[in-house]
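In what follows, every chain begins at residue 1, and chains take the letters A, B, ... in the order their sequences are listed.
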Amino acid sequence: MNDSRHEGAGEVRPPTADFGGCADSSVVLEGVSISKGYGSRGSRRQVLSRVDIRAMRGRCLGLIGGSGSGKSTLMRIVLGLESPDGGVVRFRGEVLAGRSCDGARRRLRMQSGLVFQNPHGSLDPRWPVWRSVAEPLTVGAARGDRSRIVRRVEEALASVGLDPEEFMGRYPCELSGGQAQRVAIARATVNDPALLVADEPMSALDVVARERIMDTFASIRAHRPELAMILISHDLGIVRTIADDLLVLHHGEVQETGVAADVLDAPRSPYTRRLIEAASL
Amino acid sequence: MMDGVMIVLRSVWRRAEGRFSLTVLCLWVAVSVVSLFWTPQPITNTDGYHVWASGSLRHPLGTDGAGADVLSWLMAGSYVDLLIVVATVAFSAILGVALVSAMVARSVMLSSVSVVVVDALISIPTVVLALIVAVPLGASIAVVIVACSIGYGLNLARVARPQALLAARSEYVVSAAASGVTGLRILATHILPAIVPTMAVQLSLSAGTSILAESGLTYLGIGVPSGVPSWGHSLSTSASFVNVYPFAALWPGLVITVVVTALNVFGDMLRDAVDPVVNPRLRRDRTRAGRRS
Amino acid sequence: MSLEIHGLSMSIGSRAIIRDVDASVADGERVGLVGASGSGKSMLARTVLGLAPVDAHVRGSALLDGRQTVGASDEELADVRGRFAGMIFQNPAASLNPLTAVVDQVMLPLRIHYDLSRSERRDRAMAMLDTVGISNRLARSFPSELSGGQQQRVAIATALVTSPRLIVADEPTTALDSITQRQILDLLVSLVDDSGASLLFITHDFSVLMRTVTRCYVLDEGRIVDESAIGEMGGPASAEQTRRLVDAARRLRLPSGRGGASAPARKGGRDE
Amino acid sequence: MRFVVRRLMLFVVALFGMSILVFAALRVLPGDVASVMAGMNATPQQIARLRAQLGLDRSLGRQYVDWLASLLHGDLGTSVLTGRSVGSQVGSRSSVTFPLILAAMAVAMALGIPLGCEAVLARSPHVRALLHAASIVAGSIPALWGGLLLIMLFSRGSGLVGILPSQGFPQDGWHDVLSCLASLALPALTLGIIVGSGLMRYTRSSLGGLVSSGFIDMAMACGMTRRRAVIRVGLRLAAPQLVSVIGLTFAQMITGAMVVENLFALPGLGAGLIADVGNRDLIAVQSQLFMLVAFFLAMGFLVDILHRALDPRLGKEGER
């Protein structure tokens, strides 16, 4: 794995033909005017109102928003873990709304990987590393034999810069924050997913570990040009190094969306400007 | 699995309290097995002339109200108490795990019903349960086992519930579910292992408490019937003559207290010995398994 | 001199966590303490204030406003904490007392150190809450009903209400989102300067230090490996660990040209 | 508030369920209730008359409804043997049992909670280890043996110190308060120590978990010593769980209370119920058993409400 530091920002990919294009095969996951509210009649809290989100093959979407902006709820809806009040979710063109189409939801599950905020919280403390990483491989038809699983696990650990020999048998309590998060990334990518979703993967880590995770994401994307990725964060500084496109969310409404470079150079909404100012030196 | 048990026992043995509790427990099991074949005096023969005799060569711990040898009755009793403890631990474990699994089940109906059952019945004391069983069926070992199993099974569920919920709502379970692992498999591989430390402690405490309950219920006449030897029975018979022969009650009480203390200490030690997060030796073993499988 | 540390070492069992540290914070000075996680930076501050774990073994000397805290009795240390030194923790949700209203939390140090009437305590606490941007309407609410930013404002009010000589802030903004972080930092700096207290600011993120301190120490594996004014940090003269931290911090920030770095806001607006 | 209503409904449902269980338990008797109660050598006519007198000839459903109706009117039925109404028996017996339980609970809390805190806060590790060992051993003593030991030590007559009565309870009830209290002293102490050890172990483990929590650090940062912070803030945070455990040990204490009542020959509910079971007075047993069950279900209900009230965070969730 090239542990060499990328000088300056990771290479930002050129935009596809037109961002608002029709539903072509390059769109892995799409949410159209997603709305969601909580609470009973009296204290109705609208968390998301008519949000459009699109994850493109080979591109990384940075989903930016402060706490309470609804970004985690949006992720749960888009991944089929929660159903929206309004709007529709399509995975590779197949509509995901409602219980009826479990097929699409299961396919989405099998072809997407998840990384969470708290590294040690997302790994079962009683499982050694190799068993956590192998879990997605032991599901459904792709069960495969023991040696294939062990080989895939070793490849996955190597792809996140962890020496399999040293880390296979380790337990989460024997790992640093950065190492645990990289194990989580290995688990999320071991099944060659079409979509990788990372919810605030770096905010629980210190600066040095964050840089390491950033390089890990960059190398993962380098080895998997087809991978679509959604990186959720409240910090523009972290996201801009990896994201090709940006979606700024505030109080459940889309403030701004577009190619990362354009948004950073000419932010249109005042909220985006505050985010940029908060993330600059 | 077996080498896991050996490692846990070795970890318990490492500490002084662990050595004490393991020795007492092994002694108890050994005496129970021996008592099936041999006791110093056959428990059936009584000796009218030497009633309440203090210690002698023939009767090291003296004789009871009916002139029977106290030591033989205690040895025979240890087998009955072992039976009660093993049965109670087994049944309350099954009941506890079933209730905990129901409580973290995804179906809201199942989980809320199980919570209701536990919260409602938990406050009913063991003796009342025993009475409800004893009145129709009469005093028997089964009364003690049934009453204790229900009581401690509910208690196990109540105590293990927070850990189970914590695991069920954890991110590693969400990740497993998101990658398609079935609910049942999540329960077996993530949630139940998370409550094993709590269960180990609770079951050891319940084992100790069931011996105390046996002695209490037998004294009240709804536990072990009079013919059957048990520690509670030995303690009860000597209790009624305490003013006249105080030392007769000394031995049964001492045996119970030592064994229950050993069980409680064993429970305390298990809390750390069973959990791979706390017990590094367990981790080293699993890595070899990792390599082999 | 509000804080002088000479040859301070601390170990738990056989593990040495702080190794022979020398550091100082002058009156009214804002000093940073930076290091990767596990470098012992927050343990150093806790040890000085007597918050180290019960089984910790501490050697050396730490003078807080001239009073020796190493080897001091629990009562002496307790008297120092809250009166001469205030502390702000990383995660307010796990430190503010969840069962009492926020105004009672702010009144706690007053109740311990000063014998004021209940109404006097209440007025000072309400005034302090107002200063940090928490309106009286929220004073009676419980911490769990406030946002992360509001909870941290309450923690700042609690630390500053007895106008202590030294404020120790242990990664106060790490758990907050970026906009709230900027507001809390600006608020803390302005309040510390207003009260003339000195500040010991602990973090792993150099860019946060740029706006909050004038001088800083770099800690690695329990040892001070570098010390200089904040401007010169990361230069060729600085230690290797320092450069690693500065580079990593810089890579995770937008170049300062964008959106312009505005001066710290006076009091920080009342946020959401 | 919604929680209170839901919990009340749960209480009523559980009560109804248990009433069926108790009623059924007495009906599943091998042979017929009347013949068992009338005893071995009763003539068929006596059995028939008893059956009619108890209304056992009616259908099971009918008997259950009548029993339930009489319960609602507060009539617990009349005991066949003594002829006195069960209600009055329960009344007089509970005037012994409840003071005993309350005294024992007081002893348990007075011993359990402070020593539990000390087991966490004591400066020297030896003291901490000793307290923990004491709590384990005290919790392992059978109630019967504990009582015997105390009798050997303190009872008038054969005891070494001989200051306290070891048998019986003044006939004229609570007129002579002092001698009543004296006769309750040893039993309450026996029960209190055993229950106290469980409480002590629980206090130790819940406080132990809190000692290094952020809440204690905050309290210390405001100016408290660790000891004061753990007691002031730690105990307050552990209070909701502590109340549940106290409620639970209160219920588990009844097993010990019955043993102690029999050992010290106190005419309490426990001793009375066991005596009734002994001489097969099934109607009395049925009502008393149900009253006990009802009392403990009510206890559970109250404890849950108190638990919820003590922790505003839980309360808030319910409302919002």
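At least one cation-pi condition fails for B/Arg10 and B/Trp13: the charged atom is not both under 6.0 angstrom from the six-membered ring centre and inside a 45 degree cone around its axis.
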A/Arg224 and A/Asp192: CA distance, side-chain angles, deciding distance, salt bridge (charged side-chain N to carboxylate O under 4.0 Å, His left out) verdict = CA-CA 9 Å; A/Arg224 290 179 168 77; A/Asp192 276 337; 3.2 Å; yes
Please report the C-alpha distance between A/Arg170 and A/Glu166 in whole Å, then the side-chain angles of each, then the deciding distance to 0.1 Å, and finally whether the salt bridge (charged side-chain N to carboxylate O under 4.0 Å, His left out) criterion is met.
-> CA-CA 8 Å; A/Arg170 285 248 191 116; A/Glu166 189 196 344; 2.8 Å; yes
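Of the atoms belonging to B/Ala167, not a single heavy atom falls under 4.5 Å from chain A. If you measure heavy-atom distances from A/Gln111 to chain B, you find no contacts under 4.5 Å at all. Contacts of A/Leu114 with chain B are made by side-chain atoms alone, with heavy-atom separations under 4.5 Å and no backbone atom involved.
By number of non-hydrogen pairs under 4.5 angstrom with chain A, the leading residue of B/Val196, B/Thr182, B/Val181 is B/Val181. Heavy-atom pairs under 4.5 Å with chain B were tallied for A/Ser112, A/Ala134, A/Pro125; the largest tally goes to A/Pro125.
Between B/His190 and A/Trp127, the ring-plane angle classifies as parallel under the 30° and 60° cut-offs.
Salt bridge status for A/Glu155 with A/Arg151: present, with a side-chain N to carboxylate O gap under 4.0 Å.
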